[in-house]
Student: 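Pasting a structure below so you can have a look.
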Amino acid sequence: MWVRVGDSDRPSRHYILQRLRSEGRGGEGRGEKNKSRADLSEEAWGEMASCAPASYTTSLDCISLSEPDINKSVTLLKQACLDSGFFYVIDHGISQEFMDEVFAQSKKFFDLPIDDKMKLLRNEKHRGYTPILDETLDPDHQINGDYKEGYYIGVEVHEDDPQAEKPFYGPNLWPSADILPGWRETMERYHKEALRVARAVARIIALALDLDAGFFDKPEMLGEAIATLRLLHYEGKISNPEKGVFGAGAHSDYGLITLLATDDVAGLQICKDRDAKPQVWEYVAPVKGGFIVNLGDMLERWSNCIFRSTIHRVVLDGRERYSIAYFVEPSHECLVECLPTCKSETNPPKFPAVTCSAYLLQRYKDTHADLSTYGKHPS
């Protein structure tokens with residue numbers, strides 16, 4: 001059986017796993033072309049907002065990847081990045097049928113017995129299963145960890161490949177095909193499709209920053225990207241922000257951009273001004289078939305804070321929730337430093353240069369439980 005090793009001010013992982021066993025449990029589009037909130041029809045907005053409390057639902061711009069007028073897309077994206085760092089992306093070329101299949105396969109994994117999932121526990125390459133409370137995204141305001149479980153899938157690199165020596169490259173951990181037939185193939189296809197979408201969004205971002213459209217396509221950028229798919233399952237525990245109980249604590253994402261697909265259960269909240277007292281949190285409505293896209297810390301550093309990496313969290317009402325996050329970062333060796341179009345004598349760089357891998361390693365270390373806290377002993 002699995003046991004918690006060492007002392008902690010958080011609940012024992014052994015206790016959590018035992019609780020899951022005893023309870024018998026296995027444990028984020030549609031629309032017209034680019035539109036601002038004001039342009040959306042009442043029917044379209046009603047569909048997008050129906051699952052989130054109206055009085056607390058934010059307005060986000062909606063960008064279509066099939067829009068022929070690239071300047072229109074650039075203008076809309078730039079405004080979204082300046083305003084909140086969040087926007088919707090639709091018409092991205094991934095069918096609703098396939099999106100439904102990815103969610104169905106994700107649920108099949110999380111429905112497995114906890115002992116089966118623990119056999120695929122996250123490794124040092126950040127591949128595999130993360131149990132409930134494994135991650136603490138806002139330790140200053142959380143009494144425990146995040147009430148979610150997840151599964152990391154990165155860029156598949158064979159262990160004999162020299163590239164596998166890099167911190168975020170290597171072979172993935174896969175459930176047995178006997179248990180989940182077709183699961184690996186579905187996730188590998190989705191990983192490839194999501195990276196295609198991310199590169200298309202990055203080209204619009206480059207133009208919005210007055211760069212060449214292919215700036216982020218270079219090998220040191222997304223040509224050899226660190227792209228991580230993460231399946232997420234929120235168990236249904238009711239959140240209580242005043243008591244420090246969250247589906248996911250407040251945080252900003254680490255990399256360039258994140259593509260988020262969700263089911264129809266609202267839970268994602270954003271805070272457009274992290275320095276406000278008190279902070280104002282607004283729900284982001286799910287959008288069926290589309291992505292909720294947000295900017296990460298590296299883009300904020302590249303843009304010298306012109307574009308924003310907005311803090312966000314997950315607050316749940318007691319319903320189970322499934323989402324699929326796709327985190328997009330540049331290559332391991334990429335030096336993240338202020339872009340020439342984002343600095344001047346009167347606006348010098350606000351951050352020191354840092355390599356992508358160094359920044360990511362520190363952020364993962366800060367938020368995830370040390371793997372040494374899990375020990376495996378004979379039953």
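Numbering of residues begins at 1 and proceeds along the displayed sequence. The shown structure was predicted, so the numbers you read here are calculated from the model rather than taken from an experiment.
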Student: Checking Ile143 against Val245 for the side chain to side chain contact (heavy atoms under 4.5 Å, CB included) test, could you report, in this order, the C-alpha distance in whole Å, the side-chain angles of both residues, the deciding distance, and whether it holds?
Tutor: CA-CA 7 Å; Ile143 57 171; Val245 178; 3.8 Å; yes

Student: Find out whether Gln269 and Val284 are in side-chain contact, i.e. whether some heavy atom of one side chain is under 4.5 Å from a heavy atom of the other.
Tutor: no

Student: Under a 3.5 Å cutoff, is there a donor and acceptor pairing between the side chains of Lys166 and Gln163?
Tutor: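 Note: Lys166 and Gln163 side chains meet the donor-acceptor criterion.
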
Student: Mark yes or no for whether Asp317, through its side chain, and Arg319, through its backbone, hold a donor-acceptor pair below 3.5 Å.
Tutor: yes

Student: Restricting to non-hydrogen atoms, name the atom on Gly247 and the atom on Asp146 that form the minimum distance, rounded to 0.1 Å.
Tutor: O-CB, 3.3 Å

Student: Taking side chain as C-beta onward, heavy atoms only, is Thr258 less than 4.5 Å from Ile292?
Tutor: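 The answer is no; the side chains never approach within 4.5 Å.
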
Student: So how far is it from Lys72 NZ to Ile204 CD1, rounded to the nearest 0.5 Å?
Tutor: 12.5 Å

Student: Tell me which donor-acceptor pairs under 3.5 Å the side chains of residues 74-81 have, and how far apart each pair is, sequence neighbours excluded?
Tutor:
unit_1, atom_1, unit_2, atom_2, d
Thr75, OG1, Asn71, O, 3.0
Lys78, NZ, Ala208, O, 3.4

Student: Could you tell me if Thr341 and Asp210 have a donor-acceptor pair between their side chains, going purely by distance under 3.5 Å?
Tutor: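 No, no side-chain donor-acceptor pair sits under 3.5 Å.
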
Student: Do other residues, nucleotides or ligands put more than 12 heavy atoms under 6.0 Å from the CG atom of Asn240?
Tutor: yes

Student: For salt bridge (Lys or Arg N to Asp or Glu O under 4.0 Å), just list the numbers for Asp370 and Lys365, CA-CA rounded to whole Å, side-chain angles, deciding distance to a tenth of an Å, and then say yes or no.
Tutor: CA-CA 8 Å; Asp370 191 316; Lys365 181 180 179 181; over 6 Å; no

Student: Would you call Asp297 and Arg363 a salt bridge, using N to O less than 4.0 angstrom?
Tutor: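 Counted as a salt bridge, because a side-chain N and a carboxylate O are separated by less than 4.0 Å.
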
Student: Answer yes or no: is there a side-chain heavy-atom contact under 4.5 Å between Val197 and Leu65?
Tutor: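 Of all side-chain heavy-atom pairs linking Leu65 with Val197, at least one is under 4.5 Å.
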
Student: Treat each ILVMFWY residue as a node, draw an edge where side-chain heavy atoms are under 4.5 Å apart, and state whether Leu231 and Leu120 are in one component.
Tutor: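 Yes: a chain of side-chain contacts under 4.5 Å links Leu231 to Leu120.
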
Student: Okay, side chain of Glu300, backbone of Cys305: is any donor-acceptor separation there less than 3.5 Å?
Tutor: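 Side chain of Glu300 to backbone of Cys305: no pair is present.
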
Student: Can you name the closest pair of heavy atoms from Ala164 and Gly170 and give their distance?
Tutor: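 Closest approach of Ala164 to Gly170: CB-CA, 4.2 Å.
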
Student: For the rings on Trp302 and Phe216, is their centre-to-centre separation under 6.0 Å?
Tutor: yes

Student: Determine, using the 4.5 Å side-chain heavy-atom cutoff (strictly less than), whether Phe351 and Ile311 are members of one ILVMFWY cluster.
Tutor: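 No, separate clusters.
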
Student: Spell out, as yes or no, whether a donor-acceptor pair under 3.5 Å connects the side chain of Asn304 to the backbone of Lys350.
Tutor: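 Indeed, once roles are kept as given, a pair shorter than 3.5 Å links the two residues.
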
Student: Evaluate Tyr151 against Trp183 for ring-ring contact (aromatic ring centres under 6.0 Å, His included), listing each step before the verdict.
Tutor: CA-CA 13 Å; Tyr151 200 91; Trp183 199 88; 5.4 Å; yes

Student: Hey, are His251 and Asp138 close enough side-chain-wise for a donor-acceptor pair under 3.5 Å?
Tutor: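 Not at all, the side chains of Asp138 and His251 share no donor-acceptor pair under 3.5 Å.
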
Student: Hey, could you give me the OH/CZ distance between Tyr234 and Phe246, rounded to the nearest 0.5 Å?
Tutor: 12.5 Å

Student: Please confirm whether the backbone N or O of Trp174 pairs with a side-chain atom of Asn172, one donor and one acceptor, at under 3.5 Å?
Tutor: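 No; judged by distance alone, with no hydrogens or angles, the pair does not exist.
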
Student: Applying salt bridge (Lys or Arg N to Asp or Glu O under 4.0 Å) to Arg203 and Asp217, what does each step give before you reach the verdict?
Tutor: CA-CA 8 Å; Arg203 293 183 190 109; Asp217 288 332; 2.9 Å; yes

Student: Go through the structure and list residues passing ring pair (Phe, Tyr, Trp, His ring centres under 6.0 Å) with Tyr254, not counting sequence neighbours.
Tutor: Tyr364

Student: When you compare the side chain of Val89 with that of Val201, does any pair of heavy atoms fall below 4.5 Å?
Tutor: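 Yes, side chains in contact.
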
Student: Is any side-chain heavy atom of Glu320 closer than 4.5 Å to a side-chain heavy atom of His233?
Tutor: yes

Student: Could you tell me which non-hydrogen atom of Thr136 sits nearest to which non-hydrogen atom of Gly145, and how far apart they are?
Tutor: OG1-CA, 3.5 Å

Student: If every non-hydrogen atom of Leu259 is compared with every non-hydrogen atom of Ala194, which pair is closest and at what distance?
Tutor: CD1-O, 3.5 Å

Student: Any idea which heavy atoms bring Ile238 and Gly318 closest together, and the distance?
Tutor: CG1-CA, 3.5 Å

Student: Any pair with a residue in residues 189-209 that passes ring-ring contact (aromatic ring centres under 6.0 Å, His included), sequence neighbours left out, goes on the list, sorted by first then second residue, please.
Tutor: His191-Tyr326

Student: Show your reasoning for whether side chain to side chain contact (heavy atoms under 4.5 Å, CB included) applies to Val354 and Leu335.
Tutor: CA-CA 6 Å; Val354 63; Leu335 190 65; 5.8 Å; no

Student: Calculate, to the nearest 0.5 Å, the distance between atoms OG and OH belonging to Ser106 and Tyr322 respectively.
Tutor: 7.0 Å

Student: Side-chain heavy atoms under 4.5 angstrom apart, residues restricted to Ile, Leu, Val, Met, Phe, Trp, Tyr: same cluster for Ile257 and Met298?
Tutor: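 Same hydrophobic cluster.
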
Student: If every non-hydrogen atom of Cys356 is compared with every non-hydrogen atom of Ser331, which pair is closest and at what distance?
Tutor: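 Answer, listing the atom of Cys356 first, then Ser331: CB-O, 3.2 Å.
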
Student: Applying side chain to side chain contact (heavy atoms under 4.5 Å, CB included), run through Arg122 and Leu371 and close with a yes or a no.
Tutor: CA-CA 8 Å; Arg122 167 180 62 90; Leu371 285 172; 3.8 Å; yes

Student: Rounded to the nearest 0.5 Å, what separation is found between the OH atom of Tyr169 and the NZ atom of Lys125?
Tutor: 11.0 Å

Student: Please answer whether the main-chain N or O of Asp366 pairs with a side-chain N or O of His368 as donor and acceptor at a distance below 3.5 Å.
Tutor: no

Student: Under the 3.5 angstrom rule, does the side chain of Ser239 hit a backbone N or O of Leu316 as a donor-acceptor pair?
Tutor: yes

Student: Under the criterion side chain to side chain contact (heavy atoms under 4.5 Å, CB included), which of Asn294, Leu209, Asp253 is the partner of Leu299?
Tutor: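 In the set Asn294, Leu209, Asp253, the residue that makes a side chain to side chain contact (heavy atoms under 4.5 Å, CB included) with Leu299 is Leu209.
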
Student: Taking the cut-offs as 6.0 angstrom to the six-membered ring centre and 45 degrees off its axis, would you call Arg189 and Phe98 a cation-pi pair?
Tutor: yes

Student: What distance do Glu282 atom CD and Ser84 atom OG have between them, rounded to the nearest 0.5 Å?
Tutor: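 Glu282 CD to Ser84 OG: 9.0 Å, rounded to 0.5 Å.
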
Student: Say whether Phe307 and Leu211 are linked into one hydrophobic cluster, either directly or through other cluster members, by side-chain heavy-atom distances under 4.5 angstrom.
Tutor: yes

Student: Please assess Gln279 against Arg274 for the test side chain to side chain contact (heavy atoms under 4.5 Å, CB included), listing each intermediate value before the final yes or no.
Tutor: CA-CA 6 Å; Gln279 291 179 333; Arg274 69 176 69 196; 4.2 Å; yes

Student: Any heavy-atom pair between the side chains of Ser323 and Leu260 that's under 4.5 Å?
Tutor: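 Result yes, sub-4.5 Å side-chain heavy-atom pair found.
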
Student: Could you grab the distance from atom CH2 of Trp281 to atom OH of Tyr283, nearest 0.5 Å is fine?
Tutor: 11.5 Å

Student: Would you say that Lys237 contacts Ile132 through its side chain, given a criterion of any heavy-atom pair below 4.5 Å between the two side chains?
Tutor: no

Student: Got Tyr359 and Arg301 here, is their nearest side-chain heavy-atom distance under 4.5 Å?
Tutor: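 Side chain of Tyr359 against side chain of Arg301, heavy atoms only: contact under 4.5 Å found.
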
Student: In sequence, state the C-alpha distance, the side-chain angles, and the governing distance for Thr130 and Arg230, and then conclude on side chain to side chain donor-acceptor pair (under 3.5 Å).
Tutor: CA-CA 10 Å; Thr130 55; Arg230 194 179 189 194; 2.9 Å; yes

Student: Is Lys119 salt-bridged to Asp116, cutoff N-O under 4.0 Å?
Tutor: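 Salt bridge flag = yes for Asp116 with Lys119.
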
Student: Is there a path of hydrophobic side-chain contacts, each under 4.5 Å between heavy atoms of I/L/V/M/F/W/Y residues, joining Phe327 to Leu361?
Tutor: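 No, Leu361 does not connect to Phe327 through the hydrophobic network.
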
